[in-house]
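Keep in mind that what you see is a predicted model, and the values were worked out from it rather than measured. A, B, ... follow the sequence lines: proteins, then strands. Residue 1 opens every chain.
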There are 2 protein chains.
Amino acid sequence: MKELSGKQADILEFLRKFLEEKDYPPSIRDIQEGCGISSTSVVDYNLRKLEEKGHIRRDREISRGIELLGARGRRPRILEIPVLGSIAAGQPIPVPSSERWSNDSEETVAVTEDMVRGRENVFALRVKGTSMIEDLIDDGDIVFLEPARSASNGDRVAVWLKDRGEVTLKRFYHEGDRIRLQPANSTMEPIYTAPGNVEIQGRFISSFRPS
Amino acid sequence: MKELSGKQADILEFLRKFLEEKDYPPSIRDIQEGCGISSTSVVDYNLRKLEEKGHIRRDREISRGIELLGARGRRPRILEIPVLGSIAAGQPIPVPSSERWSNDSEETVAVTEDMVRGRENVFALRVKGTSMIEDLIDDGDIVFLEPARSASNGDRVAVWLKDRGEVTLKRFYHEGDRIRLQPANSTMEPIYTAPGNVEIQGRFISSFRPS
DNA sequence: AGTTCGTGCGAACATCCGTTCGGTGGGTGG
DNA sequence: CCACCCACCGAACGGATGTTCGCACGAACT
């Protein structure tokens, strides 16, 4: 990539600022004024240069048809993950699967899609307590889950215990005619229950520990 | 917030799609064609309604002066955190502080600013090994650090050990005339060294465990 | 029936805006 | 010196675009 002139760097910087502020690209004359350039043709000239050098993309004949390329311009896919509540504190959580959580005045966490790797309908829960401490999931962590109705042995899942009316995060084991829900905390006992009593809500994907 | 008519929902949906694709807002006539509306004035009319209802913001007299409000439109502050390398595997890492990491062909991780809470110049490292396992930092985790030259007792810091020429993530303790670098792994021994031999690179902020 | 209001239509207008073109000046190489 | 290229300038052209205005149609209400 060639070196760019002072004027071109100015324009690029102006583009970033403008986009940051207004959320739509500047017109050529906006750039002209913003960078103190005397003619629109000069802007056009340098814009072409910038396009040749791969910093921007232009849609000809279209007003404000400038797209900023590169890390700062290309907006990464952002997903707003709803934080549906807390888990392992004994509180029931609403079921996310088929629900439309459209008018969510609830809390959300924005993450980039690398964190959920293309999975669908991911939701998040705030972890209360240390029942999964040995799986390196601490109190206060945020766990990301994908909706699931079934699990394999050893999966970390959020399950609803019908008789208790609560949801908890545990490792899941199917043992003969019963289910073992194993906390990852040696001071805590596993929960044994009948398959009919558990309803799997989601499967663990990843976790984040805020500062 | 009032209910919006079918046409208004169409327009809103078209706005999202268009922005997603082109990275600049559509013109009124783009919307007209895209939504199969017969007149530009109808688009204008519904756009005004959408503005009243708080879904968009318009800059009058400006082409494509439409800003999408709300979760999907308002782009959260995204930070591209450079992943400078791995840590605790004994590899030296470049110092991030005053360097300009502008032409970073290196790997980056995009995160929302909640994850670093307004800190400056945050960088990230990929954790190799389990030396901090008891601090719930596992092999493969990504840790976020802020540049720092000093630390308080108990801080988790990335330090450069001059004599070994390597960087490691440990808990930091200043004990009299020596420094103790304590792994959070009972099978591993602390490192004792002279204050002059350690150079603190960064302080632990938060961590993320990919799936 | 008459009125009002929300919504839609089509056309015209004024401006915004990308593009083009002729021209200038400085630097470089023949 | 001349030719050539790069960067720049000013003006004008024409298409793109936001805005406005008169009108129409149906639903709700008096």
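Here the P atom of nucleotide C:dC17 and the CD1 atom of A:I62 are 14 Å apart, to the nearest Å. Atom pair A:I56:CD1 and C:dG18:P shows a separation of 12 Å (rounding to whole Å applied). Distance A:I28 CD1 to D:dA11 C1': 15 Å, rounded to the nearest Å. The CZ atom of B:R60 sits 9 Å away from the C1' atom of D:dT19 (whole-angstrom rounding). The CG atom of B:D59 sits 11 Å away from the P atom of C:dC17 (whole-angstrom rounding). Put simply, CD on A:E52 is 10 Å from P on D:dC6, counting in whole angstrom units. Regarding A:D44, its CG atom lies at a distance of 18 Å from the P atom of D:dC13, rounded to whole Å. Protein atom CZ of A:R64 is 12 Å distant from nucleotide atom C1' of D:dA16, rounded to whole Å.
Classified by interplanar angle (parallel below 30°, tilted 30° to 60°, perpendicular above 60°), the ring pair B:F18/B:F14 is tilted. In this structure, A:F208 and B:F144 have perpendicular ring planes: the angle between them is above 60°, well past the 30° mark.
Residues B:S27 and B:D30 bring a donor and an acceptor atom of their side chains to less than 3.5 Å of each other.
With salt bridges taken as basic N to acidic carboxylate O contacts below 4.0 Å, none links B:E51 and B:R58.
Nearest to the side-chain atoms of B:E61 among the listed nucleotides C:dT19, D:dT19, C:dC17 stands D:dT19.
Among all heavy-atom pairs drawn from B:G140 and B:P210, the shortest one is O-CD, 3.7 Å. Taking each heavy atom of B:Y24 and B:L19 in turn, the nearest pair found is C-CD2, 3.7 Å.
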(request) Using a 4.0 Å heavy-atom cut-off, write out nucleotides 3-13 of chain C from 5' to 3' as B (base contacted by protein), S (sugar-phosphate only) or - (no contact). (result) ---SBSBBB--
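Phosphate contact (OP1/OP2 of D:dA16, side-chain N/O of A:S63, threshold under 4.0 Å): absent.
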